[in-house]
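First the structure, in the form of structure tokens, and then the observations on it.
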Amino acid sequence: MCVCCFSQGSGTYFHEAAYDAFCVGTVFLRLAHLMAMKGLSSMEAYPVACHVYFQKLQPYTNKINVSRGPLNFVNLLGEDPVHSAPSLLIAKVQRGHTITKRMLEENVGDLGNADVQMLNNGSALIALASMKRAESILLNKKPSLIHVRKYSWVRDTLPNSKILWLGVLMSAVAVGVTGLVVANALRKNQ
């Protein structure tokens with residue numbers, strides 16, 4: 001198991017290059033072993049040859065993980081993946097209740113590395129890295145006073161902006177009236 005520092009003689013050294021390389025290699029081999037053993041029970045485990053590790057890790061070759069970025073990874077030898085916006089969920093509680101991050105964790109489940117933004121006392125916006133994770137949360141949510149659904153820009157942003165809706169309505173009326181005036185003028189000229 002790696003630790004963040006080690007002692008040599010009388011001093012303690014942080015970030016020694018050789019020790020950092022040893023820790024990275026140890027973590028890499030453990031992850032490769034987990035990938036090779038994925039789907040097997042502990043009773044089915046067996047010693048793994050090096051070529052099996054290479055086969056299991058092939059999909060990840062020459063790709064650098066981008067944590068919490070617009071891309072999941074950067075491909076060093078080919079095209080980068082298509083940029084995708086995070087999957088957004090909105091969580092709301094019944095009137096008179098206040099939503100907290102802890103309440104979300106307890107009722108929605110493990111949010112992992114999701115970004116949670118409290119919108120007001122009664123609602124929160126949840127940004128997830130993948131649509132698969134969002135669908136998993138929606139399917140496995142426990143019944144509670146928190147209602148979670150996919151975020152909709154029209155449904156969740158525009159209804160709160162009554163002035164915008166009033167402007168849309170007035171514009172529609174103005175276009176309709178203008179259309180009637182033009183149509184009447186064209187009929188008179190015929």
Side-chain angles (χ1 to χ4, degrees), residues 1-91 99-118 124-144 146-153:
M1 185 71 171
C2 296
V3 292
C4 63
C5 61
F6 71 100
S7 297
Q8 183 180 16
S10 62
T12 300
Y13 301 91
F14 292 93
H15 302 293
E16 179 73 26
Y19 187 70
D20 286 352
F22 169 75
C23 285
V24 168
T26 302
V27 169
F28 177 78
L29 285 175
R30 287 185 182 215
L31 287 173
H33 189 73
L34 283 173
M35 293 294 294
M37 295 289 111
K38 188 176 181 179
L40 297 177
S41 71
S42 59
M43 298 303 290
E44 299 171 315
Y46 58 91
V48 180
C50 193
H51 69 88
V52 175
Y53 290 145
F54 291 139
Q55 289 172 348
K56 295 292 183 177
L57 295 173
Q58 184 60 38
Y60 308 101
T61 303
N62 293 313
K63 295 177 181 157
I64 299 174
N65 182 46
V66 179
S67 180
R68 298 173 95 67
L71 301 172
N72 290 335
F73 62 88
V74 175
N75 190 350
L76 298 176
L77 294 180
E79 292 293 319
D80 290 336
V82 176
H83 165 70
S84 61
S87 299
L88 298 176
L89 299 177
I90 190 158
I99 195 168
T100 63
K101 288 185 181 182
R102 183 174 179 180
M103 182 188 280
L104 278 173
E105 288 280 342
E106 290 171 355
N107 293 288
V108 176
D110 181 26
L111 296 173
N113 63 351
D115 291 327
V116 178
Q117 180 181 357
M118 307 311 273
L125 189 64
I126 305 167
L128 299 152
S130 71
M131 192 62 196
K132 189 174 185 181
R133 181 69 183 122
E135 289 170 357
S136 170
I137 287 175
L138 291 172
L139 288 174
N140 300 319
K141 189 191 132 347
K142 303 172 203 164
S144 67
I146 297 179
H147 174 69
V148 180
R149 62 176 168 72
K150 289 182 182 177
Y151 177 81
S152 165
W153 183 77

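When side chains are defined from C-beta on, Leu31 does not count as touching Leu29, because their heavy atoms never get closer than 4.5 Å. With contacts defined as side-chain heavy-atom distances shorter than 4.5 Å, the pair Leu125/Val116 does not qualify.
The list of side chain to side chain donor-acceptor pair (under 3.5 Å) pairs with a residue in residues 53-63, not counting sequence neighbours, reads His33-Tyr53.
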Go through the steps to decide whether Val148 and Ile90 satisfy the test side chain to side chain contact (heavy atoms under 4.5 Å, CB included), and finish with yes or no. CA-CA 6 Å; Val148 180; Ile90 190 158; over 6 Å; no
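If you take CG on Leu89 and OH on Tyr151, they are separated by 12.0 Å, rounding to the nearest 0.5 Å. Between atom CE of residue Met118 and atom CD1 of residue Ile99 there is a gap of 5.0 Å, rounded to the nearest 0.5 Å.
Between the side chain of Asp80 and the backbone N or O of Asn75, at least one donor-acceptor pair lies under 3.5 Å.
Shown here are the side chain to side chain contact (heavy atoms under 4.5 Å, CB included) partners of Glu44, two or more places apart in sequence or in another chain: Leu40, Ser41.
Contact detail for Met35 and Leu57: the closest heavy-atom pair is CG-CD2, 4.2 Å.
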